[in-house]
2 protein chains.
Amino acid sequence: MSHRYLVLGLLSERPMTGYEIRKRVCETMSMIASPSYGAVYPILHRLLREGAVTMDVVEQEGRPAKKVYAITESGRDDFATWLRKPAAADQVRREFLVKVLFARDLDPEELTAHLRDRQAEVEGQIAVLEAVCSEPEAQANGYHALVIDYALALYRAELCWLDRVAQAVRAGELLQDALLLDPD
Amino acid sequence: MSHRYLVLGLLSERPMTGYEIRKRVCETMSMIASPSYGAVYPILHRLLREGAVTMDVVEQEGRPAKKVYAITESGRDDFATWLRKPAAADQVRREFLVKVLFARDLDPEELTAHLRDRQAEVEGQIAVLEAVCSEPEAQANGYHALVIDYALALYRAELCWLDRVAQAVRAGELLQDALLLDPD
DNA sequence: GTAAGCATGTAACTTGTTACATGATTAG
DNA sequence: CTAATCATGTAACAAGTTACATGCTTAC
């Protein structure tokens with residue numbers, strides 16, 4: 001459901017094509033979503049059917065014609081209503097965590113490998129976010145910057161956790177049952 | 001996909017019924033997942049069909065008969081293979097974040113309300129995690145405790161972020177475009 | 001008596017991914 | 001000549017939710 005409103009929100013800034021929407025989301029909002037074309041186009045078709053957007057075919061030479069979608073008053077109302085409704089609660093839900101949960105079945109080296117993989121992934125995400133941060137588009141929109149800051153804060157906290165756990169594994173503190181982690 | 005392996009992982013500890021599995025996940029692993037019956041039962045049927053588990057009908061007086069599922073060697077192999085594969089990357093993806101992204105369309109009080117809602121939600125989650133932490137089951141399993149600690153670390157980081165943003169809103173630092181948030 | 005817990009299940013629906021098809025231009 | 005970028009779309013599939021149906025027991 002929130003992909004729909006992400007699309008509508010972006011169109012409330014300016015008219016765009018499906019291709020453009022997807023590109024913008026994947027490049028500057030990848031921490032929130034990375035929808036495929038198979039998600040974006042059907043959403044636009046549906047919004048059009050419902051009258052939340054209008055569509056304008058723009059011929060281009062050289063390139064294929066593009067369909068520019070623009071939000072309508074009714075679309076703005078729909079978006080405004082959604083924006084004011086309380087957000088649904090959602091989980092942390094990472095495949096990575098399920099693997100940690102059953103790490104008693106892994107050798108310490110295998111667990112360490114998972115931790116290292118995740119660390120590389122998180123560091124990569126942080127690098128992407130910092131790059132997005134320094135772009136003019138993100139700096140112009142305080143709320144976009146806010147969301148990036150949120151993701152950075154969580155990723156940095158995760159990095160700390162990964163470090164602590166990697167140390168505990170190295171120290172052999174995590175055996176079959178084990179102790180660990182002073183509560184703060 | 002990871003629900004399947006969560007089920008298989010739990011069954012690798014001891015035989016259980018679908019009802020039990022769901023209850024245990026929802027009560028002690030709610031930060032990772034809260035599958036509905038409509039998710040759990042079909043997974044078990046499929047695992048049975050594939051030979052990853054066996055099923056034993058146990059009649060009970062008073063209560064309806066229950067179906068106890070136990071993991072097979074083939075199921076253990078399947079699980080062990082999955083456990084060693086690198087985990088898929090996943091996003092932060094919170095509906096809440098999409099609302100923040102478009103908060104320029106909200107009055108400061110409306111944004112504050114969203115922030116407060118989220119704060120209450122996060123504090124509730126932390127309370128649940130701390131309660132689970134103190135149970136003997138979680139303390140006996142170091143890896144379970146580890147996952148709880150992960151979730152706590154992220155939730156606490158989020159709480160800090162929420163605080164910072166709430167303050168910025170109160171101070172009127174978040175207008176149409178706005179500055180904000182010294183990079184660390 | 002009524003709500004909650006035990007216990008199983010299915011059907012309809014939603015939301016999304018992957019993989020495919022099409023086809024032109026530009027940069028290496 | 002090959003890959004990437006622009007640009008649209010569909011079909012098959014995967015994974016899950018919600019809502020329903022059933023039915024018994026125990027605690028308030």
Side-chain angles (χ1 to χ4, degrees), chain A residues 1-8 10-11 15-27 29-30 32-50 53 55-69 82 88-95 98, chain B residues 1-8 10-11 15-27 29-30 32-50 53 55-69 82 88-95 98:
Chain A
M1 213 32 355
S2 58
H3 272 175
R4 175 202 167 100
Y5 290 102
L6 185 55
V7 167
L8 221 41
L10 289 173
L11 290 178
M16 275 189 270
T17 67
Y19 186 85
E20 250 183 298
I21 289 171
R22 198 222 163 208
K23 201 184 161 207
R24 192 150 160 232
V25 172
C26 290
E27 282 176 1
M29 298 162 189
S30 57
I32 300 181
S34 306
S36 60
Y37 291 125
V40 173
Y41 289 119
I43 285 172
L44 286 169
H45 298 331
R46 190 172 158 188
L47 289 174
L48 188 60
R49 221 172 50 229
E50 293 174 0
V53 300
M55 188 261 283
D56 196 26
V57 178
V58 178
E59 301 292 341
Q60 306 176 103
E61 22 179 329
R63 273 174 224 311
K66 61 182 178 182
K67 299 185 175 176
V68 179
Y69 292 88
W82 171 82
D90 38 16
Q91 280 133 355
V92 178
R93 185 191 285 263
R94 304 186 190 286
E95 202 195 8
V98 183
Chain B
M1 217 19 6
S2 59
H3 273 175
R4 175 202 167 99
Y5 290 103
L6 185 55
V7 168
L8 220 42
L10 289 174
L11 289 180
M16 274 190 271
T17 67
Y19 186 84
E20 252 184 298
I21 291 170
R22 197 224 165 205
K23 203 184 159 206
R24 191 150 162 233
V25 172
C26 290
E27 282 176 1
M29 297 160 190
S30 58
I32 300 179
S34 308
S36 60
Y37 292 126
V40 173
Y41 289 121
I43 285 173
L44 286 170
H45 299 331
R46 190 172 159 187
L47 289 174
L48 187 61
R49 220 171 51 230
E50 292 174 0
V53 299
M55 187 262 282
D56 197 26
V57 177
V58 177
E59 300 292 340
Q60 306 177 105
E61 20 179 329
R63 274 174 223 312
K66 59 185 180 180
K67 299 186 175 176
V68 178
Y69 292 87
W82 172 81
D90 37 16
Q91 281 134 353
V92 179
R93 184 191 286 264
R94 303 183 192 287
E95 202 195 6
V98 183

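Order of the sequence lines fixes the chain letters, A, B, ..., with proteins taken first and strands second; residue numbering starts at 1 for each chain. Note that the structure is predicted; figures quoted are calculated from it, not measured.
- Distance CZ (Arg46(A)) to P (dG16(C)): 10 Å, rounded to an integer number of Å.
- Atom CG in Leu6(B) sits roughly 14 Å away from atom C1' in dA15(D) (whole-Å rounding).
- Between His3(A) and dT15(C) there is no side-chain polar atom (N or O) within less than 4.0 angstrom of OP1 or OP2.
- A close approach under 4.0 Å does occur between a side-chain nitrogen or oxygen of Tyr19(B) and OP1 or OP2 of dC6(C).
- One interatomic measurement links the two molecules: CZ of Arg63(A) to P of dG23(C), which rounds to 18 Å at whole-angstrom precision.
- Between Ala39(B) and Val68(A), the residue anchored nearer the 5' end of DNA chain D, judged by the nucleotide with its closest heavy atom, is Val68(A).
- For Met55(B) and Tyr37(A), each mapped to the nucleotide of DNA chain C holding its nearest heavy atom, the one lying further toward the 5' end belongs to Met55(B).
- Backbone-only contact: Ser34(A) has heavy atoms under 4.0 Å from sugar-phosphate atoms and none from a base.
- Between Tyr41(B) and dG9(C), a side-chain N or O to OP1/OP2 separation shorter than 4.0 Å is absent.
- One can place CZ of Arg4(B) at 9 Å from P of dA15(D), the figure rounded to the nearest angstrom.
- In this structure, the separation between CE on Met29(A) and CD1 on Ile21(A) is 11.0 Å, given to the nearest 0.5 Å.
- Listed pair Ser36(A) / dT17(C) meets the phosphate criterion, a side-chain N or O lying under 4.0 Å from OP1 or OP2.
- Expressed to the nearest 0.5 Å, how far CG of Leu47(A) lies from CE of Met55(A) amounts to 12.5 Å.
- The shortest distance between side-chain heavy atoms of Glu95(B) and Trp82(A) falls below 4.5 Å.
- Following rounding to the nearest Å, Leu48(A) (CG) and dG9(D) (P) show an atom-to-atom distance of 10 Å.
- Whole-Å rounding puts the Lys66(A) NZ to dT22(C) C1' distance at 19 Å.
- Atom-to-atom, OH of Tyr5(A) to P of dT14(C) comes out at 13 Å; the value is rounded to the nearest Å.
- The shortest distance between the side-chain N/O atoms of Lys67(A) and the OP1/OP2 oxygens of dG9(D) is below 4.0 Å.
- Applying the 4.0 Å criterion to OP1 and OP2 of dC6(C), one finds that Gln60(B) has every side-chain N and O outside that range.
- Distances shorter than 4.0 Å separate some side-chain N or O of His45(A) from OP1 or OP2 on dT10(D).
- Across all strands, Tyr69(B) comes closer than 4.0 Å only to sugar-phosphate atoms, never to a base (heavy-atom distances).
- Ion pairing between a basic and an acidic side chain is recognised when a charged N comes within 4.0 Å of a carboxylate O; Arg46(A) and Glu50(A) show such pairing.
- What separates CG of Asp90(B) from P of dG16(D) is a distance of 13 Å, to the nearest Å.
- For the atom pair CG of Leu48(A) and CD1 of Ile43(A), the computed distance is 13.5 Å after rounding to the nearest 0.5 Å.
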